[in-house]
Amino acid sequence: MSADLAHIRQIMAEADCLYTDAQVEAAIDQVAEAINGELAESNPVVFCVMNGGLIFAGKLLPKLGFPLELSYLHATRYRSETTGGELFWKAKPEISFIDREVLIIDDILDEGHTLSAIIEFCKHAGATKVHTAVLIDKQHDRKARPDLKANYVGLPCEDRFIFGYGMDYKGYWRNAAGIFAVKGL
Ligand SMILES: O=P(O)(O)OC[C@H]1O[C@H](OP(=O)(O)OP(=O)(O)O)[C@H](O)[C@@H]1O
Ligand SMILES: Nc1nc2[nH]cnc2c(=O)[nH]1
């Protein structure tokens, strides 16, 4: 069924802006500085988690000033919905992880089932160390594991359904220049 574009436009018009474009850009600069300080000698394979990680990875990678290899993987459990379900691998990584450090880049750590599963996958595939970077860490007590944290976090956000900078609302507004929360969610 095609999307109701009037509804999609209304979502943007009524949304609350949690972070402006400039605030997100400043947060990405800080993440880049931290990664440059810690991973410059580690020759990592960097994985962008599609689709949500695309914008964050695209903005972050040119700010990293050391040799790295880039690949992608696609795991989803929201599938254009606003609540998560089973993790579904749309594309598993094809590059070898054996004896490599890995940096996973994703847009959001929410309940963390996605990141947990990806970390386990990388370890089983032979990665020596798995580093994680997320643009947003959603603040609540429903994490998949209580100690689950990303190594690098751009910004915290309140416990609402958000979109923009790679994150979608029903498949739309990944292109929104800022982080927005859906009215009432
Ligand atoms: O911490 P969790 O509760 O597991 O949620 C986080 C995941 O949810 C989103 O992916 P989604 O399944 O929506 O796929 P998409 O990136 O293709 O939109 C997001 O990109 C993260 O990968
Ligand atoms: N777009 C979007 N995807 C998510 N995946 C997990 N949480 C969220 C969220 O708040 N927004």
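In this text the structure is predicted, and so the values were computed from the model without any measurement. Order of listing sets the numbers, starting from 1, for every ligand and every atom in it.
Only the side chain of H74 comes within contact range of ligand 1, with a heavy atom under 4.0 Å; no backbone atom does. At a heavy-atom cutoff of 4.0 Å, ligand 1 is contacted by no atom of L115, backbone or side chain. Contacts of D106 with ligand 1, taken as heavy-atom pairs under 4.0 Å, involve the side chain alone.
Looking only at distances, a side-chain donor or acceptor of Q139 sits under 3.5 Å from a matching main-chain atom of D137.
Looking at G52 next to ligand 1, an N or O pair under 3.5 Å apart turns up.
In the hydrophobic clustering of ILVMFWY residues, with side-chain heavy atoms under 4.5 Å counting as a link, Y72 and I118 come out apart.
When all heavy atoms are compared, the tightest approach of L64 to N36 is CA-OD1, 3.4 Å. Across all non-hydrogen atoms, the minimal contact from A57 to C48 is CB-SG, 3.8 Å.
Aromatic ring centres of F180 and F161 lie farther apart than the 6.0 Å criterion allows.
Contact residues for ligand 2 (protein heavy atom closer than 4.0 angstrom to any ligand atom): Y78, I108, D110, K138, R160, F161, I162, M167, D168.
The pair E111-K143 does not meet the salt-bridge criterion, since no charged nitrogen lies less than 4.0 angstrom from a carboxylate oxygen.
The closest approach between K138 and ligand 1 stays at or above 4.0 Å for every heavy atom of the residue. Heavy-atom distances between R174 and ligand 1 reach below 4.0 Å in at least one pair.
Heavy-atom contacts of D107 reach the following atoms of ligand 1: 19 (C), 20 (O), 21 (C) (cutoff under 4.0 Å). Shown in contact with D168 at under 4.0 Å from a heavy atom are these atoms of ligand 1, numbered in order with element: 18 (O). Of all atoms in ligand 1, numbered sequentially from 1 with element shown, those under 4.0 Å from a heavy atom of T76 are 11 (P), 12 (O), 14 (O).
To the nearest 0.5 Å, atom CG of residue D107 and atom CE of residue M50 are 11.0 Å apart.
Partners of E38 by side-chain hydrogen bond (donor to acceptor under 3.5 Å, both in side chains), not counting sequence neighbours, listed by chain and number: Y152.
Using a 3.5 Å distance cut-off with no hydrogens or angles, the side chains of D99 and T128 do not pair a donor with an acceptor.
K183 places none of its side-chain heavy atoms less than 4.5 Å from the side chain of D16.
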